[in-house]
Amino acid sequence: MRIVYVTQRLPYGNGETFIVPEIDALIDAGHQVLVIPRRSSDPILHDDVDALVARTRRVPGPPAIAAATAGALARAPGRAARALWQCGRTRPRRRGISNAIATAEGMWLARIARAWGADHIHAHWAHLTATMAMGASEVSGIPWSFTAHRYDVLLNNLLDHKLRSARFGRFIARYMLDVATGLVSHEAASRAIVIHMGVRIPPAIAPRVDRATPIVLCPARLVPMKGHSYLVDAAALLAARGLPFEMWLAGDGPERAAIAARIQELGLEQRVRMLGMVPHAGLQALYRDGRVDCAVLPSLDLGDGLHEGLSVALVEAMSCATPAVSTPTGGQAELLGNGAGLLVPERNPGALADALAGLLGSADLRARIGLAGRRRIEQEFDVDVIAAELVGQFAGARRAAEAAVAGAH
């Protein structure tokens, strides 16, 4: 199949790394993929996107988008008018301008997708990338779908209409699907499915080294939702118990200064290291080579939809049999429940320290939890299996579109 993937910025910027294995798996399976990032002003920071860069087409500036919109209105006035009219349904209305711009970009995308011979258009995120893909589908007649993650579900930007327009809407966790079904009609909900984000599963697990000083890694942006302050407090409790450990914080973000100050205040400079942003391939190497004994993500639910979706960062760690600890926020319980990892109450440094102490003090427990976690990933998060499932959905959408055209004639 020839599949257009609409992203927010990938392969540019430092986000959306979780999409890379999915696109790579589609390419490896023999499908053609064209990547269209809505925004491409950021530099390329990823170290594993060479194959994507060669398949990427940038969205042009406003003059070219205006010309594409005018062309669409001239060639297919009914379709183009319907695509723009949909923006009037936006609530709150101030978001309508953003939807109108994304729809106009979709008219440019419609021309690109038709010329490329696309069979399907798929957008990651249910917000403006999905608006763009929906507009492209309306104008071109090419079927489309989207993947919803977390914040984009709560924004509820034409979510009901997008589900009814798309061939399917994919939600990466059962929790997020449940949230979405509370926001949309029964008809729209019938097009919603759960397909996790997948990862490449290493064929072999590196031998575990019984280190005198075990290493705990937190792979997360330094933002309030990730709960780093509670993790640093848990590190202080572990240090007070005399337990040997190092804690590595892999990530950057607006909380960096506050976290660094807390580490210094607690005298943990020799225990807690701030690694900054670690390139994706480098992070994978830490897990694959057995250089990390435990992965932890003390996520918080901050209310108003500010909580974890389902952490692909932990999925990646677990695929290498690295035991994981997190909180039951968002979709994390789906990932770590039933013994695949350890779940502790959020905002509870004591419980977090107890869970980490148990893992750090027992190589047998680390191995048992690590292998259970890897089995969970093998069963539910293998990216090759997930890519094949997506292709089945894409192909079904294509057949349905062709049948509809044939029926109209």
| request: Give the intermediate values and the outcome of side-chain hydrogen bond (donor to acceptor under 3.5 Å, both in side chains) for residues Gln86 and His161. | output: CA-CA 8 Å; Gln86 291 167 172; His161 186 67; 3.2 Å; yes
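- Annotation: the span from Leu243 atom CG to Leu356 atom CG amounts to 10.0 Å, rounded to 0.5 Å.
- Between Phe394 and Asp119 the shortest side-chain heavy-atom distance does not fall below 4.5 Å.
- Side-chain contact between Leu352 and Asp233 is absent, with no heavy atoms from C-beta onward closer than 4.5 Å.
- The distance from atom CG of Asp50 to atom CZ of Arg55, rounded to the nearest 0.5 Å, is 11.0 Å.
- In this model, no donor atom of one side chain and acceptor atom of the other lie less than 3.5 Å apart for Glu334 and His196.
- In this structure, Glu378 contributes its side chain and Ile201 its backbone to no donor-acceptor pair below 3.5 Å.
- Within the 3.5 Å criterion, the main-chain N or O of Val59 finds no donor-acceptor partner in the side chain of Arg38.
- Residues His280 and Val49 fail the side-chain proximity criterion, which asks for heavy atoms closer than 4.5 Å.
- For the residue pair Ser145/His120, the side-chain donor-acceptor check at 3.5 Å is satisfied.
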| Could you go step by step and tell me if Tyr175 and Leu310 meet the side-chain contact (heavy atoms from CB on, under 4.5 Å) rule? | CA-CA 9 Å; Tyr175 176 84; Leu310 192 152; over 6 Å; no
| field | CA sep, side-chain torsions, deciding dist, call: Val391, His31, side-chain contact (heavy atoms from CB on, under 4.5 Å) | value | CA-CA 9 Å; Val391 167; His31 303 286; 3.5 Å; yes
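- Going from atom OG1 of Thr56 over to atom CD1 of Ile36 covers 8.0 Å, rounded to the nearest 0.5 Å.
- The backbone N or O of Ala136 sits less than 3.5 Å from a side-chain atom of Ser140, completing a donor-acceptor pair.
- Without hydrogens or angle criteria, Lys162 side chain to Ala126 main chain gives a donor-acceptor distance under 3.5 Å.
- Residues Gly282 and Asp47 approach most closely at N-OD2, 3.8 Å, considering heavy atoms.
- Under a 4.0 Å N-O distance rule, the pair Glu380/Arg174 does not qualify as a salt bridge.
- Inspection of the Arg58 and Tyr12 side chains reveals an N or O donor paired with an N or O acceptor under 3.5 Å.
- Heavy-atom minimum distance, Leu283 versus Pro219: CD2-CB, 4.1 Å.
- The aromatic ring centres of His149 and Phe18 sit less than 6.0 Å apart.
- Asp28 and Arg200 are joined by a salt bridge, as a carboxylate oxygen and a charged side-chain nitrogen come within less than 4.0 angstrom of each other.
- Put simply, the side chain of Trp125 does not reach to within 4.5 Å of the side chain of Thr7, judged on heavy atoms.
- With hydrogens and angles disregarded, no donor-acceptor distance shorter than 3.5 Å links the side chain of Asp42 to the backbone of Ser40.
- The backbone N or O of Pro214 lies less than 3.5 Å from no partner atom in the side chain of Asp293, so there is not a single donor-acceptor pair.
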What donor-acceptor contacts under 3.5 angstrom involve side-chain atoms of residues 93-101, with partners at least two apart or in another chain?
{"unit_1": "Arg95", "atom_1": "NH1", "unit_2": "Leu155", "atom_2": "O", "d": "3.0"}
{"unit_1": "Asn99", "atom_1": "OD1", "unit_2": "Thr131", "atom_2": "OG1", "d": "2.9"}
{"unit_1": "Asn99", "atom_1": "OD1", "unit_2": "Asn157", "atom_2": "ND2", "d": "3.0"}
{"unit_1": "Asn99", "atom_1": "ND2", "unit_2": "Thr90", "atom_2": "OG1", "d": "2.9"}
{"unit_1": "Asn99", "atom_1": "ND2", "unit_2": "Asn157", "atom_2": "OD1", "d": "2.8"}

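- Remark: the backbone N or O of Ala166 is paired with a side-chain donor or acceptor of Arg191 at under 3.5 angstrom.
- Within the 4.5 Å cutoff, no side-chain heavy atoms of Val272 are placed close to those of Ile259.
- Residues Trp116 and Gln32 form a side-chain contact, since some pair of their non-hydrogen atoms from C-beta on lies under 4.5 Å apart.
- We find that Arg164 and Asp160 are joined by a salt bridge, their nearest charged nitrogen and carboxylate oxygen being less than 4.0 Å apart.
- In this structure, the separation between NE2 on His122 and CZ on Phe168 is 5.5 Å, given to the nearest 0.5 Å.
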| task | Any chance you could lay out the side-chain contact (heavy atoms from CB on, under 4.5 Å) test for Ile172 and Val194, step after step, and finish with the verdict? | result | CA-CA 6 Å; Ile172 66 167; Val194 175; over 6 Å; no
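- From Leu302, atom CG reaches atom NZ of Lys226 across 10.5 Å, with rounding to the nearest 0.5 Å.
- The residues Arg39 and Glu105 are annotated as salt-bridged, a charged nitrogen and a carboxylate oxygen being separated by less than 4.0 angstrom.
- Two residues are said to be in side-chain contact when any heavy atoms from C-beta on lie closer than 4.5 Å; Cys294 and Val325 meet this criterion.
- At distances below 3.5 Å, not a single donor-acceptor pair connects side-chain atoms of Arg271 with backbone N or O atoms of Ala236.
- Formation of a donor-acceptor pair under 3.5 Å by the Thr103 side chain with backbone atoms of Gly135 is not found in this model.
- The structure places OG1 of Thr181 at 10.5 Å from CE of Met176, a figure rounded to the nearest 0.5 Å.
- No hydrogens or angles considered: nothing links the side chains of Glu16 and His124 as a donor-acceptor pair under 3.5 Å.
- Val139 pairs in a side chain to side chain contact (heavy atoms under 4.5 Å, CB included) with only one of the listed residues (Arg114, Arg111, Arg75, Arg82), which is Arg114.
- The neighbour count for Arg291 CZ, taken as heavy atoms of other residues, nucleotides or ligands under 6.0 Å away, does not exceed 12.
- Counting only distance, with no hydrogens or angles, the side chain of Ser326 and the backbone of Leu297 share a donor-acceptor pair below 3.5 Å.
- Proximity of Arg167 to Ser137: side-chain heavy atoms (C-beta onward) are nowhere separated by under 4.5 Å.
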